[in-house]
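Here's the structure, in structure tokens; my notes come after.
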Amino acid sequence: MWDRLAASDPGLLRLTAGLRTVTAIALTLAVLAVLRVPVPQLVAGAMAAMVATFAVREKQRSPQAVTLALGLPVALASLSLGALLNQRVVAGDLFFVVLISCAVYGRRFGDRGTALGLIGFQIYFLSLFVHATSATLPALYGVLCVAFVCSAAARFVLLPQTPAGTLDRLRRAFRARLGQLIASQAELLDAGPGDVEKVLEELRTGTARLHETALMIQGRLEDGTSDEAVARLLQRRTADAEITAERLGLLLLTARSAQRTDTLTLHLPGAPLPLGGELPVRDDATAALRRDLRALRMLALRPSCEASGTALAQVRNRLLGYRDEENLPEASPAVQDVFRGLGEAARAALGLRLALDGPQDESADSPATTRSREELDAEDAAIEAGEESEPEQPEPTGLRRPTTRAAVQVAVGSSLAIAGGELLSSQRWYWAVLTCWIVFLNTASTGEILVKGYRRLLGTVLGVVAGIGLAGLVGHHTWTAFGLVLVFIFAMFYTAPLSYTLMSFFVTAMLGLLYTLLNTYSMAVLVLRVEETALGAACGVIAAAVVLPVHTDRRTNDLLVATLGRLADVTRGAVDQLSGGAGADLMERARDLDQALADLRGATQPLTHPITPLRSRRDTARYVVALLETCAYHARSLAATAELLPTHPSIAADPRLRGVCGRIVHNIEAIAAHVADPRSEAEIESGPSIASMLEPGTLRTPRYGRVTDRVLRHLQRLDEAVSGLARPLGLAGGPAQPTR
């Protein structure tokens, strides 16, 4: 059960965020209840504690403390201005617009600027919500101070969270998701014709979830480790485990079919399984494969501190033995490839275990295990040598800077929302402004704002229905209502990364309870909430579409060009090293490629959303992203293999690979040029397969020649996938010939 929780919430980030916020609010309410403050001030304290807790996003404790300390005077100033300008309509509205623009623009200053802008805006909104006046300011000052102190106590004393602890939980989540992926692969082994599509979809989901966790670990390495060499080692071992697990799934799919499985099958939702039969259920090799998949899962899940005796060592020795040709069982070549994949996955699991748990007992090692340890030690020494960091890219300036553009857009949208909101209600017009501001958070294109506004409106409508029922049940039972508020706040933070609609639902249901506590609840108020939300979302979309617009096509094209550039960089660097060139930090480049692809995937959500009416465009976007994920997998695998070159006798450098790679890099750059400028005259090159361009056998070494086969296979698949991008993107040219 713990592994399931760790896998569903990597690093327990959502659980910690929800519990910390609820704890801060509960502590604030307890202190204020002892002081016997009235209900409106209880509401103000709860909302202030929530804002003070979720606004601070730095990973290190010291910066968190500084931001929280700076946030208190910002909150006090914002509360004072809200109370003073509440009765001055024109001045108050103008200041609100300026405050919103500054809050959005503050994002350019990193986490601290974002947090202070968020605190300033939300506390000003709080002053409007509780109708703060000059007379109530002293009491509200005290409430704010209590809320910030309780937030600090929850963050630093009751529920502390360190970068090292978060990274450790992320590593456990990676292990858990790796175990889940291997379990799905074992199910694929026995899946019948009626179940194979369902299992294949689980395999796609498991592969994507494992990749997501690897990226999360990458983002926490710098803060979670004190030694740069240790960070690079963890990055490498995590990448190895991810790559070998994905390769094992492809090998299993190939063993089930009559033809080699395209990597695209694992990345394109709805892609059919290649035609072919099933593995023999009673075959000795299949029984051994079924047993060894369970063994690999145990090896991946169990840390060394939980392993006792020699049983685990015997399992590890058997799996690593498959890396030697003489230990393979009698079976078809495709099934033997699966056993080789098991051996490589076991080696990656051993490397991950050494990186996470440190040195272990080697007394029960077999010769195959000893060889794997020696290879890993040699790699560790090469990784510790370090590489030079890549130069940072210059940031855009002026109106081209996203934060500046968003600040101008939100100022226009907020002005429209204030004007329209005043027409709907002179008392609660600020709901429209709040929605307009929120739809601009973490969005970068008109399409993203449209989808976010739609989701917020849907969640609000559903929340209003829930609020109506809860208000009738709770009535005026103050502490019961506050208890439900805490439950909804926890659910809001726990579901926020998963579904914006669900988060909006819990927010609106919570607000219904707060209205009940303030004795302002009515059906008309909740209906007005929906109207103001719809108005605010519409104003945000209009502002984004009219003022300095960034259309979804432009946004996705820019990110597509950036992704292709990263892909060319990784491919060129990997092949250059495989050709005998100087070493580089290839895994860092590969993770940069993964991050660029993740940004592109997020930007295409408006195009692939279920409500989009352009079905053909949606399918094209999904296909392009799946092809790029396929390219990224092969480029990542080439980078991982290239980094083994200095330490492994099984991989020999060959200068001719640099010439073979020229066509792939040229095609990537031609596609990028066409996407950036459709008038570009660039064309892709086609020709014979990669393997046929090299004389047979010249790349093989006396021992483990299959590694070279894998290099050629990755190059060939990458060449085909890159050429395949030309058709959906409208570039002239034809694909390379298929692998022979």
Side-chain angles (χ1 to χ4, degrees), residues 47 51 55 74-75 77-79 81-108 113-129 132 399 401-446 448-457 460 500 504 507-508 511 528-550:
M47 295 179 69
V51 173
V74 170
S78 184
L79 179 67
L81 290 169
L84 295 175
L85 297 175
N86 192 21
Q87 302 302 322
R88 296 171 175 82
V89 178
V90 177
D93 291 351
L94 289 176
F95 176 77
F96 206 8
V97 172
V98 172
L99 177 62
I100 293 171
S101 301
C102 292
V104 173
Y105 185 76
R107 290 186 293 175
R108 69 164 296 199
T114 302
L116 295 180
L118 188 60
I119 289 172
F121 171 81
Q122 292 284 6
I123 297 301
Y124 190 88
F125 171 82
L126 170 63
S127 70
L128 301 177
F129 186 78
L399 291 177
R401 184 183 288 120
T403 50
T404 305
R405 181 190 300 112
V408 175
Q409 290 176 329
V410 78
V412 175
S414 299
S415 301
L416 295 174
I418 288 174
E422 289 276 10
L423 295 176
L424 286 176
S425 171
S426 60
Q427 298 296 320
R428 294 183 175 85
W429 52 269
Y430 44 78
W431 287 121
V433 184
L434 178 66
T435 300
C436 179
W437 180 72
I438 286 178
V439 297
F440 277 96
L441 292 180
N442 301 320
T443 55
S445 70
T446 307
E448 292 178 47
I449 292 172
L450 178 62
V451 170
K452 192 171 184 179
Y454 151 77
R455 288 172 174 168
R456 184 168 182 82
L457 181 60
T460 300
Y500 188 72
S504 300
V507 168
T508 304
L511 289 172
L528 179 63
R529 160 89 171 135
V530 175
E531 294 173 346
E532 296 280 3
T533 299
L535 175 64
C539 291
V541 172
I542 291 172
V546 175
V547 181
L548 303 175
V550 177

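Keep in mind that the numbers below use all heavy atoms, side chains included, and drop hydrogens, waters and symmetry copies. Nothing fancy with the numbering, it's 1 onward along the sequence.
Scanning both residues, V104 and A406, for their nearest heavy atoms gives CG1-CB, 3.5 Å. Closest approach of S425 to L528, counting heavy atoms only: CB-CD2, 3.4 Å. Scanning all heavy atoms of the two residues, the minimum distance from L118 to W437 falls at CD1-CH2, 2.8 Å. Contact between F129 and Y430 at its shortest, heavy atoms only, is CA-OH, 3.7 Å. The heavy-atom pair separating A55 from A115 by the smallest distance is O-CB, 3.2 Å. When all heavy atoms of V439 and G540 are compared, the closest pair comes out as CG2-CA, 4.3 Å.
In this structure, CG in N86 is found 12.0 Å from CG in L81, a value given to the nearest 0.5 Å. Note that CZ of R108 is 12.0 Å distant from OG1 of T114, once rounded to the nearest 0.5 Å. Interatomic distance, I438 CD1 to I449 CD1, rounded to the nearest 0.5 Å: 13.0 Å.
Put simply, the side chain of Q409 does not reach to within 4.5 Å of the side chain of V412, judged on heavy atoms. You'll find the side chain of W431 stays beyond 4.5 Å of the side chain of L424, heavy atoms only. E422 places a side-chain heavy atom less than 4.5 Å from the side chain of I418. Counting only heavy atoms from C-beta outward, the side chains of L128 and W429 approach each other to under 4.5 Å. L434 has its side chain out of reach of T533: every pair of non-hydrogen atoms, C-beta onward, lies at least 4.5 Å apart. With contacts defined as side-chain heavy-atom distances shorter than 4.5 Å, the pair R529/T460 qualifies.
When each of V541, L535, I542 is tested with C539 by the rule side chain to side chain contact (heavy atoms under 4.5 Å, CB included), just one qualifies, namely L535.
A distance below 6.0 Å separates the ring centres of Y124 and F95.
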